[in-house]
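Letters A, B, ... are given to chains in the order of the sequence lines, protein chains preceding strands, and every chain is numbered from 1. Both backbone and side-chain heavy atoms feed into the values below; hydrogens, waters and symmetry mates do not.
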Amino acid sequence: MRCLGEHFCKLLIMLSIVEEKYIQFEPKAGGGNLLRMFSTSTLYNKPYLIEAIKKPGATWAAQLVEFTIPKPNMLSIHSILQKIFIKGLSFENHPQWFFFLMFRMTRSCGYFIPYFYGKGFNSHYVKGKKCLLKIKPVSTNHYASKLQLCHSRSSVSFSLARTVHAHMISSGFKARGHILNRLIDIYCKSSKLILARKLFDEIPHQDVVARTTLVATYCASGDLKTAREIACKCILDGFTYTGVISACANAGLFQIGKQVHAYLLRTEANPTLDYSLSVNNALITFYSKCGKIDEARDIFNQMQVRDLVSWNAILSAYVSGGRIEEAQSHFRNMRDRNLLTWNVMISGLAQNGFGEEGLKLFNKMKLEGLEPCDYAFAGAITSCSVLGSLDNGRQLHAQLVRFGFEASLSAGNALITMYARCGVVEAADCLFNTMPSVDSVSWNAMIAALGQHGRGAQAVELYERMLKEGILPDRITFLTILSACSHAGLVEDGRRYFDSMHKLYGIAPGEDHYARVIDLLCRAGRFSEALDVIESMPFKPGAPIWEALLAGCRIHGNMDLGIQAAERLFEMIPQHDGTYVLLSNMYAALGKWDDAAKIRKLMRDRGIKKEPGCSWIEVENKVHVFFVDDTMHPEVQAVYNYLQEMVLKMRKLGYVPDTKFVLHDLESHQKEYALTTHSEKLAVVFGLMKLPRGATIRVFKNLRICGDCHNAFKFMSKVAGREIVVRDGKRFHHFRNGECSCSDYW
DNA sequence: TTAGGGTTAG
C-alpha cells in the first residue's frame with residue numbers, strides 16, 4: 001500500500017489547490033490484494049468491475065486505477081464513470097474514489113482537470129463535508145508544477161490557474177519571476193487580458209518574458225497602442241518579434257504584420273538582433289496564413305539558414321494554398337522529416353481532395369517505421385471521409401483505439417465527420433455522445449452531419465443544446481446550422497439564426513453566410529425576400545450569391561430570375577461549367593430544346609467541358625467507380641441486365657421514368673434508355689448485386705443526384721427491401737421502403 | 001517562465 005499512500009498524499013496537495021477547501025480524507029486499507037490481483041488486467045469492463053463497485057472506499061479506487069493500467073486513457077476512465085452513474089452511485093460519500101481517479105487521470109493524460117471542471121463534479125462530492133485538513137503554503141516548485149498542469153496541448157485551464165493563484169495569495173506565498181510570468185501567460189491564453197494586466201502591473205521588476213506575452217496578446221486583440229507602450233519600455237528580443245508576428249498571423253492582421261516585417265528589414269544590420277531564423281519561420285507562417293503563399297516562398301528561398309521548422313512551415317504554406325504539386329515536390333526534397341512533416345502532408349492531401357494519396361502516405365509512414373500520432377490518424381481518417389471509404393475508416397478507428405488515442409479530440413472530430421460522410425450518421429451521433437470531451441469543432445461537426453443527412457430538426461435541437469451548455473457559436477457553426485435549415489426547409493429558424501449572428505454574437509455575416517440564407521429562401525421559393533437580402537448586403541454580391549439564386553430558380557423553374565443570375569455568373573466565372581449546365585437543364589426541363597442547345601453550344605465555343613458524372617461504391621474494401629454510360633467496369637453488362645429487370649419490377653409498383661431529366665432532345669424510348677445509364681443507378685445496382693442480403697447500399701456521387709434517379713431509388717429500396725444511401729456533392733439521401741429522408745425537399 | 005512548424009468542423 002506504500003505506493004497508494006504516496007498517490008493519496010500527492011492527491012491531497014493537488015486537491016487542496018483545486019478546491020480551495022479543507023477536505024476530509026480517510027484512506028482505507030485493503031486495496032493491496034485486489035491491486036495485485038488485477039495488476040495485469042486491462043479489462044475494465046468485465047463483470048469484476050460491477051462487483052468491485054459494490055465495495056467501498058480505497059479498495060474500489062485501487063481496482064479502478066489498476067484496471068486502466070498499462071494504458072490509462074480518457075475513454076477507459078470515462079466509461080467507468082458512466083457505469084458508476086448508471087448504477088446510481090455517486091462520489092458523495094466516498095470522495096477518495098474521486099480523488100484517486102482525478103489524480104490518475106491528470107497524471108496519465110494531462111488534461112482531466114478542465115474536463116472535470118466543466119461537468120460540475122467539484123460541487124458534487126465535496127459539499128457538506130467536514131473540513132479536517134488545513135493546507136499549508138507550498139514551495140515554488142510545487143506551484144510551478146501545478147501551473148504546468150494548467151497547460152495541455154489543446155487547452156488552458158483558467159479555473160485551475162486562478163485557484164493556484166488564489167492559494168498563493170491566501171497562504172501568504174510571495175510569487176516571483178517565472179511563476180508570475182506563467183500565470184500571466186495562462187491568463188492571456190484564457191483571454192483574461194484585464195487580469196493578466198493587473199498582475200503585470202503589480203510586478204516590481206517586469207522582465208522581457210512578461211512583456212513579450214502581453215505585447216503579443218495586445219497585438220492579437222488589435223490594441224496596438226498598448227502593445228507599443230509595453231514594448232517600448234525594454235529592449236526587445238527575438239521572442240517578442242516572433243510572438244508579435246505570430247499574433248498577427250492568428251488574428252489576420254496583415255498590414256501590421258507587414259509593418260513589423262518592414263521594420264525588421266530596416267534594422268537587419270543591427271548585430272544585437274541575432275534571431276533571424278525563428279523570426280523568418282514566423283514570417284513564413286504569417287504570410288501563409290494571410291494567403292500570400294508566394295511571399296512565404298520568397299522568405300524561405302532567401303533564408304541563409306533554415307531548420308526543420310522552416311521546411312515544415314513552407315510545406316504547410318503550400319498545402320494551405322492548395323498547391324499540392326509544389327507541396328509534394330517539396331516533401332520529396334526534404335532530407336529530414338519529422339512526425340509533423342508527415343502530418344502536414346497527409347492531412348494536406350486529404351483536405352485538397354486527394355483521399356487515396358493521403359491514405360497511401362499514412363501507410364507509407366508506418367512502413368518507414370514511424371509511429372503515427374493522433375494528428376496523423378486525423379489526416380488519414382479525413383482521407384476516408386473524402387473517399388467515402390467506411391471500411392478503411394472503421395479499420396482506422398480500431399487502430400486508433402489500439403494506439404491509445406481514442407480520447408484525442410482531433411481524431412475524434414475527424415471520426416464524427418468520417419462516419420457522417422460515409423453515410424452512417426448514427427455512428428457519428430453515438431461517437432459524439434460518448435466522447436469523453438468535446439469542443440466547438442465537435443459540435444460543429446455533429447450539427448453539420450445532421451444537416452447533411454436532412455435531419456434539420458435534430459440539427460436545430462443540437463444547436464440549441466450547444467447554446468444551453470454555454471458554448472458560443474462561431475462563424476462555422478452558423479454556416480452549418482444555416483445549411484441544415486436550408487436542406488430541411490426550416491426557413492423561419494434559419495432566418496432567426498442568421499439575424500442572431502450579429503445581434504447576439506457579434507459575428508458579421510460573410511458572403512458565405514449570405515449565400516446560405518439566399519439558398520434557404522430560394523429553395524422555399526421566397527425569391528423577393530432573397531432579393532431584399534441581397535440588397536441589404538454590405539458588399540457587392542459575388543459568385544456564391546448568384547449561384548445560390550440560380551440553384552433556387554432551377555428548383556422552382558423561375559426562368560427570368562435564373563437567366564439574370566446566370567448572366568452575372570457568366571461574367572464573373574465564365575469558365576465554371578456548373579452555370580451552363582444548370583441553365584441548360586432549366587431550358588430542357590421546360591422543353592425549350594433550342595435554348596438548351598444554345599447554352600450547350602456556348603459552352604463548347606468557350607472550350608468548357610462539363611465535369612463527367614461519376615459514382616462509386618465500396619465492396620469488400622475495394623472502390624468500384626462507374627461513369628455515365630459506363631463501358632469500362634468489367635461487370636457493367638451484368639449491371640445493365642440487372643437494372644433492366646429491376647426497372648420492370650419497379651414499373652409494376654408505379655415507377656415511371658421521368659424523361660425531363662434527359663438533357664438532349666431524343667426520341668422517348670431513347671430518353672428512357674439514357675436514364676438507365678446514369679452512374680448512380682449503375683453503382684446502386686452493383687451494390688444490390690454484390691453486397692450481402694440486407695446490407696445498406698452506400699453510393700457516392702461527385703455531382704448532384706439526378707431527379708429520376710432520386711425517384712427510382714425510392715422504388716428500388718422497396719423492391720429490394722434494402723436501405724440505399726446516396727451522398728451527392730451536397731448532401732445525403734436515405735431511401736427506405738419507398739421514401740427518401742429528404743421528403744423530396746432538395 | 002515567453003516565441004517560430006501540425007490537427008479536427010464548412
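- Backbone-only contact: A:K189 has heavy atoms under 4.0 Å from sugar-phosphate atoms and none from a base.
- In terms of polar N and O atoms assigned as donor or acceptor, the side chain of A:T213 never comes within less than 3.5 Å of the base of B:dT2 in a complementary pairing.
- OP1 or OP2 of B:dG6 has at least one side-chain nitrogen or oxygen of A:S316 nearer than 4.0 Å.
- Between B:dG4 and A:S246, a contact under 4.0 Å exists linking OP1 or OP2 to a side-chain N or O.
- Atom CE in A:M501 sits about 16 Å away from atom P in B:dG10, given to the nearest Å.
- Here B:dT2 presents its C1' atom at 15 Å from CD1 of A:I245, a figure rounded to the nearest Å.
- At a threshold of 4.0 angstrom between heavy atoms, the contacts of A:R306 with the nucleic acid are absent.
- Considering only side-chain N and O atoms, A:S347 lies under 4.0 angstrom from the phosphate OP1 or OP2 of B:dT7.
- In this structure, A:R182 places its CZ atom 11 Å from P of B:dA3, rounding to the nearest Å.
- A salt bridge links A:R323 with A:D294; the closest basic N to acidic carboxylate O contact falls under 4.0 Å.
- For the pair A:L431 CG and B:dA9 P, the interatomic distance rounds to 13 Å; values are reported in whole Å.
- Which of B:dG4, B:dT8, B:dG6 sits closest to the side chain of A:N343 comes down to B:dG6.
- Taking atom CZ of A:F478 as the reference point, atom P of B:dG10 lies 17 Å away to the nearest angstrom.
- Relative orientation of the A:Y505 and A:F478 rings is tilted, given thresholds of 30° and 60° on the angle between their planes.
- Using modelled atom types and a 3.5 Å distance limit, the side chains of A:N338 and A:T341 yield a donor-acceptor pair.
- One can place CG of A:N352 at 15 Å from C1' of B:dG10, the figure rounded to the nearest angstrom.
- The side chain of A:Q351 contributes no N or O atom lying less than 4.0 Å from OP1 or OP2 of B:dA9.
- Nucleic acid contact class of A:T382 (heavy atoms, under 4.0 Å, all strands): sugar-phosphate only.
- Between the CG atom of A:D439 and the P atom of B:dT8 there is a distance of 12 Å, given to the nearest Å.
- Taking atom CE of residue A:M418 and atom C1' of nucleotide B:dT7, one finds them 16 Å apart after rounding to whole Å.
- Using a cutoff of 4.0 Å between basic side-chain nitrogens and carboxylate oxygens, A:R704 and A:D728 are scored as salt-bridged.
- Across B:dG10, B:dG4, B:dT8, the shortest atom-to-atom separation from the side chain of A:T242 is found for B:dG4.
- A:I447 comes within 4.0 angstrom of no nucleic acid atom, judged by non-hydrogen atoms across all strands.
- Among the protein residues, A:R211 comes within range of no part of the nucleic acid, since none of its heavy atoms lies under 4.0 Å from any strand.
- Where stacking is scored as ring centres under 5.5 Å apart with planes under 30°, A:F239 registers as stacked on the base of B:dT2.
- Note: A:F331 and A:W342 have perpendicular aromatic rings, judged against thresholds of 30 and 60 degrees for the angle between ring planes.
- A donor-acceptor contact under 3.5 angstrom links the side chains of A:T477 and A:D474, judged on distance only.
- Judged by distance alone, with hydrogens and angles left aside, A:N280 brings no side-chain donor or acceptor close enough to the base of B:dG4 to form a pair under 3.5 Å.
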